[in-house]
There are 2 protein chains.
Amino acid sequence: MHNGHAALLSRSRAIPALPPEGSDRHVVAVDIALFTIQDESLKVLLVKRAVPPFPGWWSLPGGFVGRAESVDEAALRELQEETGITTVYLEQLYTFGDLDRDPRGRVISVSYYALVDWERFRLKAHSSAKGGAKPAGTRWFSVNRLPTVAFDHRKIVTSALERLRNKVNYTSAAFQLLPKKFTLSELQRAYEVILGQPLDKRNFRKKMLQLGILKDTRERQVEGRQRPARLYAFTEARVIKLQEKGIIVPF
Amino acid sequence: MHNGHAALLSRSRAIPALPPEGSDRHVVAVDIALFTIQDESLKVLLVKRAVPPFPGWWSLPGGFVGRAESVDEAALRELQEETGITTVYLEQLYTFGDLDRDPRGRVISVSYYALVDWERFRLKAHSSAKGGAKPAGTRWFSVNRLPTVAFDHRKIVTSALERLRNKVNYTSAAFQLLPKKFTLSELQRAYEVILGQPLDKRNFRKKMLQLGILKDTRERQVEGRQRPARLYAFTEARVIKLQEKGIIVPF
DNA sequence: TTAATAGTGTCTCTTAGACACTATTAT
DNA sequence: ATAATAGTGTCTAAGAGACACTATTAA
């Protein structure tokens with residue numbers, strides 16, 4: 001649509017060029033905080049840097065935005081290259097634009113956070129990760145016990161966590177961290193590790209079932225020598241808004 | 001702090017250069033949706049484009065990010081150049097990174113929204129706007145009656161509005177649209193034009209006063225031939241969080 | 001005195017949150 | 001039978017929202 005206008009206008013008047021190479025052009029990077037739930041705790045994926053700056057330090061997966069890709073595409077590409085994962089919930093977080101973020105020079109970073117369920121990750125991860133650019137190592141870290149990380153990536157993780165904690169309160173984002181079928185106990189544990197708080201079992205189940213977004217699959221999950229749990233599925237394909245209560249919400 | 005590390009590391013190992021000029025570097029712009037309340041309606045400031053692309057069309061104030069300024073600084077600078085305003089509430093919104101946003105070529109746009117009160121704007125505006133780059137015209141448009149705008153600026157305004165509507169529900173952002181001293185009726189009208197809904201007077205006043213964030217200035221505002229209204233002031237210097245109720249908020 | 005806005009309380013209903021026991025299965 | 005987790009209901013208190021009249025001033 002904009003291209004249509006452009007074509008139209010360019011016939012009558014020349015379109016001025018953008019700032020030329022070498023003047024006000026910038027290196028733009030993407031950095032992604034990928035979360036999952038594993039061993040009853042919320043984890044974020046870090047990669048070990050092989051080259052300076054910060055060689056040997058842990059950092060978020062990410063890289064430079066190329067010339068022929070959108071910023072979102074760059075984020076997906078980097079995630080795919082460094083983890084092999086292709087289908088994730090991905091959401092833009094914030095753009096960090098200070099001058100001294102990177103010791104190499106001025107780099108503007110568009111940060112994202114992403115959610116995967118642990119099972120899906122284990123299946124796909126590394127099966128298609130790029131050989132040549134393979135990082136020295138990738139590891140999940142509990143968000144409560146992060147190592148020292150490179151650049152301002154600590155700030156990005158903090159900001160992603162804050163967003164995630166807000167988001168699970170009024171959207172169905174938490175479901176992105178679970179497999180397609182899950183028990184209510186698993187769902188509750190997901191909320192608990194995200195929020196960092198224990199929740200009341202009866203109140204939790206009451207609220208979740210009231211929302212009408214869960215489908216009883218009629219299947220059971222046998223996990224040990226105890227009563228098997230019902231498996232539920234989320235009814236929506238996408239992350240949806242569950243409510244929007246505020247101080248003043250006359251909608 | 002990162003500079004400290006950089007200095008340390010550069011002594012032992014060379015820091016690789018960023019992508020060179022002319023390869024994967026990008027033009028980065030800022031676009032700002034500046035809101036105010038005027039004549040009982042929520043307005044956004046648009047500027048008339050003097051040069052292609054989209055000559056004669058309305059667009060959001062904005063421009064390219066320079067080499068020696070942070071992205072936030074660029075947003076403030078553009079706002080100052082095009083409106084003369086220096087002190088506003090400014091918050092980053094979203095980064096639009098698609099390839100075909102601009103007919104001139106690939107431009108990544110970091111969008112912001114800003115809030116000013118009409119009185120402050122009338123005093124400062126244009127008193128210090130840059131002469132040379134002065135746009136053909138700037139005008140306030142009611143958000144309900146926007147003209148056709150250039151680029152994807154419609155999307156930016158929509159996104160800014162959505163953010164503003166959410167934000168006033170759980171923070172004190174709406175106060176940024178009012179002068180230092182205001183009546184409760186003015187505050188209510190601000191919420192009404194932002195939300196696009198009438199609100200109940202008694203419930204509104206009850207809730208606002210309960211929050212404990214308003215100081216009675218003991219002054220009155222005489223406005224016509226009716227009972228003068230109390231003038232209140234907001235007790236906080238900054239925008240604060242008023243509440244954070246969600247589905248599950250055990251904090 | 002009148003026009004015009006400021007200012008004020010109560011009641012109902014919904015919802016949040018505290019709280020403890022029974023059910024079902026594998027071993 | 002026992003260990004281990006699944007699953008279930010009630011009560012209370014707080015808050016949201018509906019609703020209408022009196023107060024005060026300038027003109």
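Per chain, numbering begins at 1; letters A, B, ... match sequence-line order.
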TODO: Ignoring backbone atoms, test whether B/S185 places a side-chain nitrogen or oxygen under 4.0 Å from the OP1 or OP2 oxygen of C/dT5.
DONE: no

Open item on the list: Is it the case that the base of C/dA4 and the side chain of B/R225 share a donor-acceptor contact (distance under 3.5 Å, atom types as modelled)?
Closed with: no

Open item on the list: Ignoring hydrogens and geometry beyond distance, is the side chain of A/K201 in donor-acceptor contact with the base of D/dA6 at under 3.5 Å?
Closed with: yes

Open item on the list: Taking the six-membered ring of B/F141 as reference, does the cationic atom of B/R139 (NZ for Lys, CZ for Arg) lie under 6.0 Å from its centre and within 45° of its axis?
Closed with: yes

Task: Test side chain to side chain contact (heavy atoms under 4.5 Å, CB included) applied to A/F35 and A/V116, A/V193, A/V88, A/V143, the passing residue - done: A/V143

To the nearest Å, how far apart are [X] [atom1] and [N] [atom2]?
{"X": "A/F204", "N": "D/dT5", "atom1": "CZ", "atom2": "C1'", "value": "16 Å"}
{"X": "A/L195", "N": "C/dG17", "atom1": "CG", "atom2": "P", "value": "12 Å"}
{"X": "B/Q221", "N": "C/dG7", "atom1": "CD", "atom2": "C1'", "value": "15 Å"}
{"X": "B/L209", "N": "C/dG9", "atom1": "CG", "atom2": "P", "value": "12 Å"}

Residue [X], side-chain atoms from C-beta onward, closest of [options]:
{"X": "A/A229", "options": "D/dT25, D/dA6, D/dA18", "value": "D/dA6"}
{"X": "B/K206", "options": "D/dA26, C/dG9, D/dT2", "value": "C/dG9"}
{"X": "B/N203", "options": "D/dC19, C/dA6, D/dT8", "value": "D/dC19"}

Open item on the list: What's A/R205 touching, base or sugar-phosphate or nothing? Going by heavy atoms closer than 4.0 Å.
Closed with: base

Task: Carboxylate-amine/guanidinium proximity below 4.0 Å for A/R101 and A/D98 - done: no

Task: All pairs passing ring-ring contact (aromatic ring centres under 6.0 Å, His included) where residues 205-240 of chain A contributes a residue, at least two apart - done: A/F175-A/F234

Open item on the list: Need to verify one output field. Residue with the more 5' nearest nucleotide on DNA chain C, A/R220 or B/D200?
Closed with: B/D200

